[in-house]
Student: 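There's a structure below that I have some questions on.
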Amino acid sequence: MKIDVLIVGAGGAGLYAALSAVKENKDLNIAVLSKVYPTRSHTGAAQGGINGALANVDPTDNEELHTFDTIKGSDYLADQEAVKYMCYEAPKIIREMEHMGVPFSRLNNGKIAQRPFGGASKDRTCYSADKMGHVMLHTLFEQCIKEGVTFLNEWFMLNLVHNGKRLVGVTAINIATGEVELIKTKAVILATGGHSRIYWGYTSNALGCTGDGTAAILRAGLPVKDMEFLQFHPTGLRKSAILVTEAARGEGGHLLNNKGERFMAKYAPDKMELGPRDLVSRSIMTEIRENRGFRDEEGREYVQLDLTHLGAEKIKKRLPQIRELAIDFEGIDPIKEPIPIKPTAHYAMGGIDTNVKCETPMEGIYAAGESQCVSVHGANRLGGNSLLDIVVFGNVAGKEAVRYAEGTDFAKGGEGKKEEEVKFIKELMNKESKETLGDMRNELGEIMFKHFGVFKNEDEMQEGYNKLKNLIERAHKNLGVEDKSKVFNLDLQSTLEFFNLLEIADVLAYASLQRKESRGTFFRDDYEKRDDENFLYHSVITRNSDGSFNYKKGEVQLGLYEPAERKY
Ligand SMILES: Cc1cc2nc3c(=O)[nH]c(=O)nc-3n(C[C@H](O)[C@H](O)[C@H](O)COP(=O)(O)OP(=O)(O)OC[C@H]3O[C@@H](n4cnc5c(N)ncnc54)[C@H](O)[C@@H]3O)c2cc1C
């Protein structure tokens, strides 16, 4: 198979990249390859909204304020010109999506409605009730079909193939048949999404958020960036960790401890519940640690998110999905009772190292979306900025990849790669499993949540890293595939995804141990302060051929705002 520009991933980033690519050059062969059917990508689960300084609600809002809020929110680790670019593109790209047919919620005057969100100084988050990602994903998919983008649905990318100078192609399995292919391509855009599933059982992410593209980058000898930064969202449901959108607090929800106090008054007196996510998550965990939380019969600890005072009408109109989720997964109707919540692993700020043109250091390989780290979110992403990031940089990646593909031919090489993959998979299928995948995944989630959670310290992390190394070794030795069939072998796919999770957890743990400070979402009890003198840098990591890591310090692009203490 030969494809000029191949986009791996059909979430918001992949679909926007594909749209921009076909609009840029209709004569090229442009295809999207996705392991799930496109409209099942995790973007469809996004609830609260997308940020852009349209100033529809507050006429004093503008792009500059959006830029500043984002940089402050990032704890000054974001690259400032990149943030500026994203925030100035926002109003344009949101209106463009409106024209494509995205059904935004409206103000009485007909303009796109905007709600307050965490860490934002103005009401800036555009929304569609609490289903923003769902409507964006469906609209973008329709547009791609209309423009004639080719789709390879339910194909699983295995690895990148390059010749040391430039990309040759990717290897992938057609899930429906089990056949492995080498797909030759001039340019690839990795839009494979986040990796919060390393916190298995403690995450808001879909089952497929396993960081496959990021793991493939590491195996290809290319760099990942800022992997130690993984965001905990303050409000996951107590039992399932399913997300309750920040919009619940944006619409006026209160966080309560076991004394019935709105405890955020202590931690963020001005912003209260609408402090940034890192701060609110830590505040919840502090209440729980200091015995002001609740504990259920099964020992689960939590605090309450109270929406009852908003009234039935507002909850039904603005937060219908949240109500459904609370009823289905907690047996609680938020119109009548507070929702039990606790922080949940939610978003990867770190990922594939690219510049603002979405280029990796290897010619022909691009990345966009949550799998990519430009970085515009630094040490802590603001809610509503990811749906923005994925379309803004999806757009850039699509155009840049087309430009590159126009000026080049298919690279030679890669012949033995397909056979290597076939051999690897055959061995995995023939191996007798000595442990079960399900147990091992739970073990991974436990290690990560306990040792690399909201609060960290040297001893806990070191102990966790030792456990993780042991798990990795056992997985490679003991894990085989029980289901021996070729057609739709999800056992095989889950096993391959688990190996990717281990790859990511390994580098995240390693990166965490190197950063001896607290910044944004990354908080250590033993180094509670941000340390700009020694740690204001991006961690850039590659894997050496002997399996060890190579650690470099990447410059943070400042220039617009001097790093200052964050107060809310
Ligand atoms: C519950 C939830 C709510 C959220 N709410 C908001 C919000 O309100 N506002 C906001 O700004 N952000 C929100 N976010 C974050 C935001 O939704 C995500 O960061 C963003 O949608 C990621 O988009 P993406 O296109 O990069 O990846 P995804 O949408 O995750 O798509 C990844 C794609 O890659 C494909 N893929 C992955 N691996 C492979 C492989 N090996 N082979 C082939 N294909 C592969 C998948 O099939 C999928 O199509 C939320 C996230 C969650 C989890």
Side-chain angles (χ1 to χ4, degrees), residues 6-18 32-52 90 115 117-118 125-128 130-134 136-137 140-141 151-160 170-175 189-197 203-216 231 233 235-237 241-247 250 277 321-322 325 344-349 351-352 367-372 377 381-391 393-394 397 493 496-497 500:
L6 181 72
I7 295 139
V8 183
L15 295 182
Y16 212 101
V32 175
L33 177 144
S34 176
K35 66 181 176 182
V36 300
Y37 192 77
T39 47
R40 292 187 60 219
S41 303
H42 188 64
T43 295
Q47 302 171 347
I50 175 169
N51 295 340
R115 60 170 41 133
F117 240 56
T125 305
C126 308
Y127 60 95
S128 180
D130 55 1
K131 300 177 183 178
M132 189 67 237
H134 177 87
M136 257 174 71
L137 190 64
L140 291 174
F141 186 46
F151 278 91
L152 297 167
N153 294 333
E154 296 174 323
W155 279 69
F156 185 87
M157 183 196 73
L158 297 163
N159 278 299
L160 296 158
V170 307
T171 49
I173 308 181
N174 180 347
I175 300 170
I189 301 172
L190 295 172
T192 40
H195 51 250
S196 295
R197 271 279 150 192
T203 172
S204 66
N205 279 202
L207 292 176
C209 298
T210 49
D212 301 352
T214 312
Q231 178 175 73
H233 192 293
T235 58
L237 290 178
I242 289 174
L243 191 78
V244 177
T245 171
E246 195 159 290
R277 291 179 176 174
Q321 182 175 215
I322 293 313
L325 291 171
T344 177
H346 183 60
Y347 181 83
M349 270 77 67
I352 300 165
E370 192 174 332
S371 59
Q372 170 198 33
H377 308 299
R381 170 177 75 88
L382 293 188
N385 265 354
S386 174
L387 288 180
L388 177 63
D389 157 19
I390 64 176
V391 290
F393 289 98
Q493 186 182 327
L496 295 170
E497 286 173 334
N500 287 334

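In listed order, ligands and their atoms are each counted from 1. Throughout, residue positions are numbered sequentially from 1 according to the sequence presented.
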Student: Does a donor on one side chain and an acceptor on the other come within less than 3.5 Å for Thr210 and Lys35?
Tutor: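 Note: Thr210 and Lys35 side chains meet the donor-acceptor criterion.
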Student: Would you kindly specify which portion of Thr192 sits under 4.0 Å from ligand 1, judged on non-hydrogen atoms: side chain, backbone, both or neither?
Tutor: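 Answer for Thr192: both.
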Student: Is the contact between Asn385 and ligand 1 made by the side chain, the backbone, both, or neither, using heavy atoms and a 4.0 Å cut-off?
Tutor: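 It is the backbone that gets close, since no side chain atom is under 4.0 Å.
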Student: Taking 4.0 Å as the limit for heavy-atom contacts, which would you say applies to His195 with ligand 1: side chain only, backbone only, both, or neither?
Tutor: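 Looking at His195 and ligand 1, no heavy atom falls under 4.0 Å.
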Student: Near Asn205, which atoms of ligand 1 are under 4.0 Å from a heavy atom of that residue?
Tutor: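 Under 4.0 Å from Asn205, ligand 1 has these atoms: 53 (C).
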Student: Of the side chain and backbone of Leu243, name the one, both, or neither that has a heavy atom under 4.0 Å from an atom of ligand 1.
Tutor: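 Near ligand 1, Leu243 shows its side chain, while the N, CA, C and O stay back.
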Student: Would you kindly specify which portion of Trp155 sits under 4.0 Å from ligand 1, judged on non-hydrogen atoms: side chain, backbone, both or neither?
Tutor: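 For Trp155, only backbone atoms sit under 4.0 Å from ligand 1.
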Student: Would Phe117 count as being in polar contact with ligand 1, using the rule that some N or O on each side must be under 3.5 angstrom apart?
Tutor: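 Checking ligand 1 against Phe117, no N or O pair falls under 3.5 Å apart.
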Student: Before signing off on this row, confirm whether Leu387 and ligand 1 have an N or O atom pair separated by under 3.5 Å.
Tutor: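 Looking only at distances, the answer is yes, because the N/O contact criterion of under 3.5 Å is met.
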Student: Nearest non-hydrogen atom to atom 9 (N) of ligand 1 belongs to which of Gly49, Ser386, Gly133?
Tutor: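 Result: the heavy atom closest to atom 9 (N) of ligand 1 is in Gly49.
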Student: With heavy atoms under 4.0 Å as the rule, classify the contact between Met132 and ligand 1 as side chain, backbone, both or neither.
Tutor: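 Contact part for Met132 vs ligand 1: neither.
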Student: For ligand 1, note which part of Ala191 has a heavy atom under 4.0 Å away: side chain, backbone, both or neither.
Tutor: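 Within the 4.0 Å criterion, Ala191 contacts ligand 1 through backbone atoms alone.
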